[in-house]
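Here, residue 1 is the first one in the sequence, and each next residue gets the next number. Each ligand, and each atom within it, is numbered from 1 in the order the structure gives.
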Amino acid sequence: MRANYEDLLLQKDGNVLTILMNRPEVLNAVTDAMLEGLGEILEEAAQDTSIRCIVLTGAGRAFGSGADLRGFAAVHSTGEPIKVSEHLKKYHRVIRALRTLPKPVVAAVRGVAAGASCNLALACDMRIVADDARFVEAFARIGLVPDAGGGFFLPRLVGFGKALELAMLADEISGPEAERLGLANKCVPVTEFEATVQKFAQRLAKGPTQSYGLIKELMNASLSSDLEASLQLEGQLQDQAINTADHREGVAAFIQKRRAEFTGQ
Ligand code: LHQ
């Protein structure tokens, strides 16, 4: 992994890698460099056994404000038809990496998470949020449709009708409301936010990492499969899980009435 990435900062604490989107003066508006860095880091983290949990967060008072809008006016001024689908592939690489990374990824959201930044948070496995969090599917405010995976994750997290409401009205959802809707796993006062995120991530980083990767694969598949396919897959994945060192350790710890010491193997 490189030491420096444009518009991103990395922090490693034990087995937890924290990725900060780092443009606080524009609430971490997303750039191409940010997306390329995220793709590269996440793909490399998949191979790095010293990383057992990833936290995605924003520097300063926000998680992120979506695509950087400042270049948009210039694009429109040419009068030519605009095609953005090629550009969106940069987001898609990151979303695929988040979903296929065989380790837990936690979005830590304080302040605003708007547009594509909101949807990057939704593509993570879990969301810990501060009570000052503001989720906003900002797209309809500027006459666009949710991108960066929002059309997939939003209805699956909050249900179909609520997803349509959030996408069409583009109203802000507070941290406590996000928790109530199932958009956030946990909402805490902003004063407790950083400590809560670290505790949560460190706990995941001490877990049975291989099993977490397989759990993720099983849950990912459930988003687009039927019962028969899921039952088939659980058998294949359990064949893998039952042969891990962490499974053996978990059983030994149970028998010996002690806490399991998982190594991620
Ligand atoms: C910003 C931004 C920003 C630049 C705040 N860009 N500077 C779609 C189509 C095609 C290709 C790619 O991808 C996409 C995906 C998308 O994400 S589309 C949606 C893009 N995002 C938005 O529409 C949200 C725009 N921002 C806002 O509505 C507000 O800024 C929010 C609600 C995020 C935050 O409001 P406030 O807390 O009141 O902060 P603010 O508006 O005062 O912003 C602080 C600064 O950040 C300000 O700069 P300034 O120099 O005046 O202090 C903003 O201009 C800048 N900023 N978002 N996306």
Side-chain angles (χ1 to χ4, degrees), residues 6-9 19-39 42 56-99 107-124 127 129-155 157-158 163-178 181 183-184 187 190 193:
E6 202 179 324
D7 301 335
L8 295 171
L9 286 178
I19 309 173
L20 282 109
M21 295 174 279
N22 188 34
R23 299 181 73 217
E25 66 288 356
V26 284
L27 309 180
N28 306 314
V30 179
T31 59
D32 285 1
M34 198 184 272
L35 293 170
E36 273 155 36
L38 282 173
L42 294 168
L56 178 65
T57 194
R61 70 171 170 101
F63 182 80
S65 58
D68 194 313
L69 289 181
R70 286 174 308 180
F72 279 38
V75 173
H76 289 298
S77 69
T78 66
E80 294 294 314
I82 305 164
K83 200 144 195 271
V84 79
S85 47
E86 265 312 300
H87 174 66
L88 288 178
K89 289 181 182 166
K90 294 182 198 291
Y91 287 88
H92 299 170
R93 174 186 177 195
V94 178
I95 287 149
R96 283 194 193 93
L98 288 168
R99 293 305 331 133
V109 180
R110 60 162 303 179
V112 79
S117 302
C118 176
N119 290 338
L120 287 178
L122 302 193
C124 294
R127 282 146 295 281
V129 312
D131 58 4
D132 72 349
R134 299 153 61 197
F135 287 88
V136 50
E137 291 285 345
F139 305 89
R141 290 185 182 182
I142 54 169
L144 294 177
V145 301
D147 59 23
F152 187 82
F153 296 110
L154 190 64
L157 284 164
V158 300
L164 283 162
E165 177 195 322
L166 297 183
M168 287 185 183
L169 297 183
D171 286 337
E172 289 189 6
I173 299 295
S174 69
E177 178 71 349
L181 287 173
L183 206 59
C187 175
V190 77
F193 174 65

- Would you call Arg61 a ligand 1 contact, heavy-atom distance under 4.0 Å? yes
- List the closest protein heavy-atom neighbour of atom 8 (C) of ligand 1: residue, atom name, distance to the nearest 0.1 Å. Asp147 OD2, 3.1 Å
- Message: Less than 4.5 Å apart, side chain to side chain, heavy atoms only: is that true for Arg127 and Leu157?
- Response: yes
- Query: Quick one: nearest non-hydrogen protein atom to atom 10 (C) of ligand 1, plus distance?
  - Reply: Val84 CG2, 3.3 Å
- Sidechain-backbone polar pair: Asp131 side chain, Gly175 backbone, donor-acceptor under 3.5 Å: no
- Protein non-hydrogen atom found under 4.0 Å from atom 21 (N) of ligand 1: yes
- Task: Among Leu20, Asn28, Thr31, Leu38, find the residue that satisfies the side-chain contact (heavy atoms from CB on, under 4.5 Å) test when tested with Leu8.
- Result: Leu38
- Query: Going by heavy atoms in the side chains, are Thr57 and Arg110 under 4.5 Å from each other?
  - Reply: no
- Who are the side-chain hydrogen bond (donor to acceptor under 3.5 Å, both in side chains) partners of Arg99, not counting sequence neighbours? Asp125, Asn220
- Note the single closest protein heavy atom to atom 31 (C) of ligand 1, along with its residue, its atom name and the distance in Å. Val112 CG2, 4.4 Å
- Item | Protein contact to atom 1 (C) of ligand 1 [nearest heavy atom, distance to 0.1 Å] | Val26 O, 4.0 Å
- Within the side chain of Ser65, is there an N or O that forms a donor-acceptor pair under 3.5 Å with the backbone of Val26? yes
- Kindly indicate whether atom 47 (C) of ligand 1 is approached by any protein heavy atom to under 4.0 angstrom. no
- Message: Out of Ala138, Ser65, Ala113, who is nearest to atom 57 (N) of ligand 1 when you count heavy atoms only?
- Response: Ser65
- Item | Minimum heavy-atom distance Met168-Ala140, with the two atoms named | O-CB, 3.6 Å
- Would a 4.5 Å heavy-atom cut-off, applied to side chains only, mark Leu166 and Phe135 as touching? no
- Message: Keeping Arg23 on the side-chain end and Asp7 on the backbone end, is there a donor-acceptor pair under 3.5 Å?
- Response: no
- Query: Near Asp68, which atoms of ligand 1 are under 4.0 Å from a heavy atom of that residue?
  - Reply: 4 (C), 6 (N)
- With atoms numbered from 1 as shown, which atoms in ligand 1 lie under 4.0 angstrom from a non-hydrogen atom of Leu27? 34 (C), 39 (O), 43 (O), 44 (C), 46 (O)
- Query: If we only count N/O pairs under 3.5 Å, is Ser117 in contact with ligand 1?
  - Reply: no
- Task: Examine Arg134 against ligand 1 and note whether any of their N/O atoms are separated by less than 3.5 Å.
- Result: yes
- Can you tell which part of Phe63 has a heavy atom less than 4.0 Å from ligand 1: side chain, backbone, both or neither? neither
- More than 12 heavy atoms of other groups within 6.0 Å of Arg93 CZ: yes
- Do you know which two heavy atoms are closest between Ala170 and Val136, and how far apart they sit? O-CG2, 3.4 Å
- Query: Hey, which atoms in ligand 1 end up nearer than 4.0 Å to a heavy atom of Leu144?
  - Reply: 8 (C), 9 (C)
- Query: Which atom names give the shortest non-hydrogen contact between Phe139 and Val145, and what distance separates them?
  - Reply: CD2-O, 3.3 Å
- With atoms numbered from 1 as shown, which atoms in ligand 1 lie under 4.0 angstrom from a non-hydrogen atom of Ala67? 3 (C), 6 (N), 12 (C), 13 (O), 14 (C), 15 (C), 16 (C), 17 (O), 20 (C), 58 (N)
- Item | Exercise check, heavy-atom protein proximity under 4.0 Å to atom 34 (C) of ligand 1 | yes
- Message: Check this for me - ligand 1, Leu69, N or O atoms closer than 3.5 angstrom, yes or no?
- Response: yes
- Query: Which of the numbered atoms in ligand 1 are below 4.0 angstrom from a heavy atom of Phe139?
  - Reply: 15 (C), 16 (C), 17 (O), 18 (S)
- Search all heavy atoms of Ala108 against all heavy atoms of Phe63 and return the closest pair with its distance. O-CD1, 3.3 Å
- Side-chain heavy-atom pair Glu137, Asn119 within 4.5 angstrom cut-off: yes
- Message: Within ligand 1, which atoms have a heavy atom of Glu25 less than 4.0 Å away?
- Response: 45 (C), 46 (O)
- Message: Return the closest protein heavy atom for atom 19 (C) of ligand 1 as residue, atom name and distance.
- Response: Ile142 CD1, 4.0 Å
- Message: Quick check on atom 51 (O) of ligand 1 - does any protein heavy atom sit closer than 4.0 Å to it?
- Response: no
- Query: Would you say atom 29 (C) of ligand 1 has a protein heavy atom nearer than 4.0 Å?
  - Reply: no
- Protein heavy atom under 4.0 angstrom of atom 41 (O) of ligand 1, is there one? no
